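Fair warning: this is a prediction, and the values are worked out from it, not measured in the lab. Counting starts at 1 for both ligands and their atoms, in listed order.
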Amino acid sequence: MTTSSAEPIIGRLAVIGLGLIGGSFAKGMRESGLCREVVGCDRDPATLRQAVPLGVVDFITDDLASAVQGADLIMLAVPVLAMEQVLGQLAQLELGQAVITDAGSTKNVVVDAVRGAFGYLLPQFVPGHPIAGSERSGVEAADALLFRNHKVILTPLAETSEAALTLVRRSWRALGADVEDMPLADHDEVLAATSHLPHLLAFSLVDTLASRSENLEIFRYAAGGFRDFTRIAASDPVMWRDVFLANRDAVLRSLDNFTHDLSRLRAAVEDGDANALLGVFTRARSAREHFSKILARRAYMEPMQTQSINFIANPGASVQGRIRVPGDKSISHRSIMLGSIAEGVTEVEGFLEGEDSLATLQAFRDMGVVIEGPHHGRVTIQGVGLHGLQAPPGPIYVGNSGTSMRLLAGLLAGQNFTTELTGDASLSKRPMGRVANPLREMGASIDTAAEGRPPLLINGAQSQLKGMDYVMPMASAQVKSCLLLAGLYAEGKTSVTEPAPTRDHTERMLRGFGYPVQVKGATATVESGHKLTGGKIDVPADISSAAFFMVAASIAEGSDLTLEHVGINPTRIGVINILRAMGGDITLSNEREVGGEPVADIRVRYAGLKGIEIPLDQVPLAIDEFPALFIAAACAEGRTVLRGAEELRVKESDRIQVMADGLQLLGIKAEPTPDGIIIDGGVMGSATVDSHMDHRIAMSFAIASLRATGEIRITDCIHVATSFPGFLDLARSVGINIRQEDNA
Ligand code: NAP
């Protein structure tokens, strides 16, 4: 909140309706020092008596004309259906340049009332709605701190003047509120669902229980759950009557959806349908836990800011210990996808609880699959079979996850419903044509935004998929997997031939689920007409996450680090091969096979690395590990040359350019080429490097600090938690000197 020493920018503030909201606004503004005087107008005799002694206003009157005379700002805080009458009276008065705003809980009626009263929309009118309140009402409930850290939604109109908007924003901010703009058209819909419907349910539930006399006993035993859920039934009846009358249509839409879903739940209880109940409850619980995070980035209010996270890494000593990095991301994604379309139950262990794989999990929940967990990496999936997915209630949002979007595209092309796949701002810039085009060749109906970018509208019902032989122009496991998944639904055989080996987790896991996959040389083939059977999946630790620590131990003198239970799928071990070729000291032990996937413990000791020409055949096997390998190259003696890696330019960032920029800032000679990079090993200094929101870039520069001579500050690291939950703690536990920068 502001201090009372603020310069007054408002001569007179007139607040009409001195209840909870108007009283709190008046009191807060009065204490903020932004107004020379605050005048209240109310019709309630008790309010007229109490407002001045309570310190809410300087003067109080029941006469609107005298309240607004000479006012610079007029706040309307009467119940929404009383707005029309108050505005009608205001229109008869001389208001000068006074800015008018309101606090009404619904916005369309207030805007209509302004138009009705004045005959047009006043430029000095700013519709507003504080998302704060309490069950208390009346002036005695006025609280100067009521809006602190609460949102206030403004719905400025095309006619609204910038000066009026600025004044209203500034006033709410002076009360500590977090002000956001929202289109008028969205406001009443969003609030109908998030505020009005819950209030209706609370009023209704309490009334239902109270009106059955034998149930009065219930209130005596009502524990926290009932109290929490029905707290809002103590809200002001008049205000809420007005809200429901004013926002009739939007509330009815929300109520109809709810009634529909409630009757499904009723049927599930009646029929003893445990799966349906578990489905709703697990979806709701996870929505409560994870969706808020995911949604925060979708920003239902457009200007919502994502908090920026920066890392500070300082020169460290050696890297020591035994650690297990989180589960493999690729295998985690596929375990949910294949478990969902399998018949029977699939139990997953070691699931990576990062936002990307959680996005995949949520997508299948949206399509009606009952998925329990994740709880400490355990997930239980009640498979629905190849043809059991249901149309999701709305677009499927996959956040930042390219894997989810590309693999799902193939699977969804084979369903008999339409789906829209959307992602966050960064994913929305990435190319999807490489999956959309071959899927179209198979007969899929897919619309994309310009240049093949998301969102993808996949019209499964209109797609008659036919198998094909596809020769990929560029090696990509995501494209291959996408087409093989579509192939499960296509007529005949679908074959994908890759120009260079890529990850084969999909093929391995399909086989693990009992689905036949033929692999001959560089060609993988599936045929429709078979089925997947659920089972157990133990997800190995992710070699891509282990790679950062493998490089860390290789470059920091005296290091000796063991990484446990790491997946060493032959299509993923490029990082081991390349580090060994550079002179790295890496030994594998305890090699075994878990659910079709080979795993091992990997011991890495410091070794003086040497620059090499990276063999072309290793490039696809290490594609995600190059940012980390570039750090190894920067610490190696001599020159390292990478070619044939143009795909790096269309990852979460242009990884060639972004790494080159960062390395150069640290004093390393790093020259980007169209399909690779040339790095001359040298001494790394100190710099601030921009990770461009790319988690692997951020983690690579984090380990670079082991060999830097000064501090490395890495900006925009928010997505690290996505692929590697707990990275900072694990890095610190082995001796890397890194922390998150305090936010100013
Ligand atoms: P409240 O506590 O009931 O206060 C409303 C006050 O306005 C009462 O003192 C009322 O007097 C007075 N009033 C009614 N018609 C009037 C008129 N024509 N001229 C002068 N005074 C008049 O209501 P509130 O909770 O503060 O709500 C005020 C506004 O804020 C409403 O539009 C509501 O939708 C909105 N809002 C409320 C909340 C919340 O949680 N409470 C949250 C956000 C927005 P009487 O008692 O004599 O009618």
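- With a 6.0 Å radius and a threshold of 12 heavy atoms from other residues, nucleotides or ligands, Gln69 has its CD atom at or below the threshold.
- The protein atom (non-hydrogen) at minimum distance from atom 42 (C) of ligand 1 is Ala132 O, 3.1 Å.
- For atom 14 (C) of ligand 1, the candidate residues are Pro79, Gly17, Ala246; the nearest heavy-atom contact is made by Pro79.
- Within a 4.0 Å radius of atom 4 (O) of ligand 1, the protein has at least one heavy atom.
- Close contacts of ligand 1 with Gln85, meaning ligand atoms under 4.0 Å from a residue heavy atom, involve 18 (N).
- If you check each of Ala103, Ala77, Gly19, Gly104 against atom 44 (C) of ligand 1, the one with the closest non-hydrogen atom is Ala103.
- In this structure, Ser235 falls outside the shell of residues with a heavy atom less than 4.0 angstrom from ligand 1.
- Between Leu76 and Val110, the closest side-chain pair of non-hydrogen atoms is not below 4.5 Å.
- The 12-atom threshold is not exceeded at CD of Glu84, counting heavy atoms of other residues, nucleotides or ligands nearer than 6.0 Å.
- Counting heavy atoms only, Arg43 comes closest to atom 21 (N) of ligand 1 of the residues Arg43, Glu84, Gln89.
- Among the atoms of Leu20, some N or O lies under 3.5 angstrom from an N or O of ligand 1.
- Partner Asn108 forms a side chain to side chain donor-acceptor pair (under 3.5 Å) with one of Thr155, Asp249, Asp188, Asn247 and no other, that one being Asp188.
- For Asp58 and Arg30, the salt-bridge test passes: some basic side-chain N is under 4.0 Å from an acidic carboxylate O.
- Of the protein's non-hydrogen atoms, Pro130 O, 3.2 Å is the one closest to atom 43 (C) of ligand 1.
- At a 4.0 Å heavy-atom cut-off, ligand 1 touches Ile21 through backbone and side chain alike.
- Counting heavy atoms from C-beta outward, Asp186 and Glu189 have side chains that stay 4.5 Å or more apart.
- Proximity to Met239 (heavy-atom distance under 4.0 Å) selects the following atoms of ligand 1: 25 (O), 33 (C), 34 (O), 37 (C), 38 (C), 39 (C), 41 (N).
- Open room surrounds CZ on Arg170; 12 or fewer heavy atoms of other groups in view lie less than 6.0 Å from it.
- Counting non-hydrogen atoms of neighbouring residues, nucleotides and ligands closer than 6.0 angstrom, the CD atom of Gln97 reaches no more than 12 such neighbours.
- Polar contact with ligand 1: absent for Ala82 (N/O pair, distance under 3.5 Å).
- Heavy-atom proximity to atom 31 (C) of ligand 1, evaluated over Leu18, Leu81, Val78, is greatest for Val78.
- Thr715 places none of its side-chain heavy atoms less than 4.5 Å from the side chain of Ser308.
- Between Ile371 and Thr282 there is no side-chain heavy-atom pair separated by less than 4.5 Å.
- An N or O contact shorter than 3.5 Å links Ser105 to ligand 1 by distance.
- Of the candidates Asp62, Asp44, Asp42, it is Asp42 that places a heavy atom closest to atom 9 (O) of ligand 1.
- Some N or O of Gly138 is nearer than 3.5 Å to an N or O of ligand 1, by distance alone.
- If you number the atoms of ligand 1 from 1 as listed, the ones under 4.0 Å from a heavy atom of Gly133 come out as 40 (O).
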Residue pair Arg136, Asp236: steps toward the salt bridge (Lys or Arg N to Asp or Glu O under 4.0 Å) verdict: CA-CA 7 Å; Arg136 302 177 61 211; Asp236 184 44; over 6 Å; no
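- Counting heavy atoms from C-beta outward, Asp178 and Glu180 have side chains that approach closer than 4.5 Å.
- Of all the atoms in ligand 1, the ones that sit under 4.0 Å from a non-hydrogen atom of Ser137 are 2 (O).
- Set against the non-hydrogen atoms of Asp236, the atoms of ligand 1 under 4.0 Å away are 3 (O).
- Heavy-atom contacts of Val80 reach the following atoms of ligand 1: 32 (O) (cutoff under 4.0 Å).
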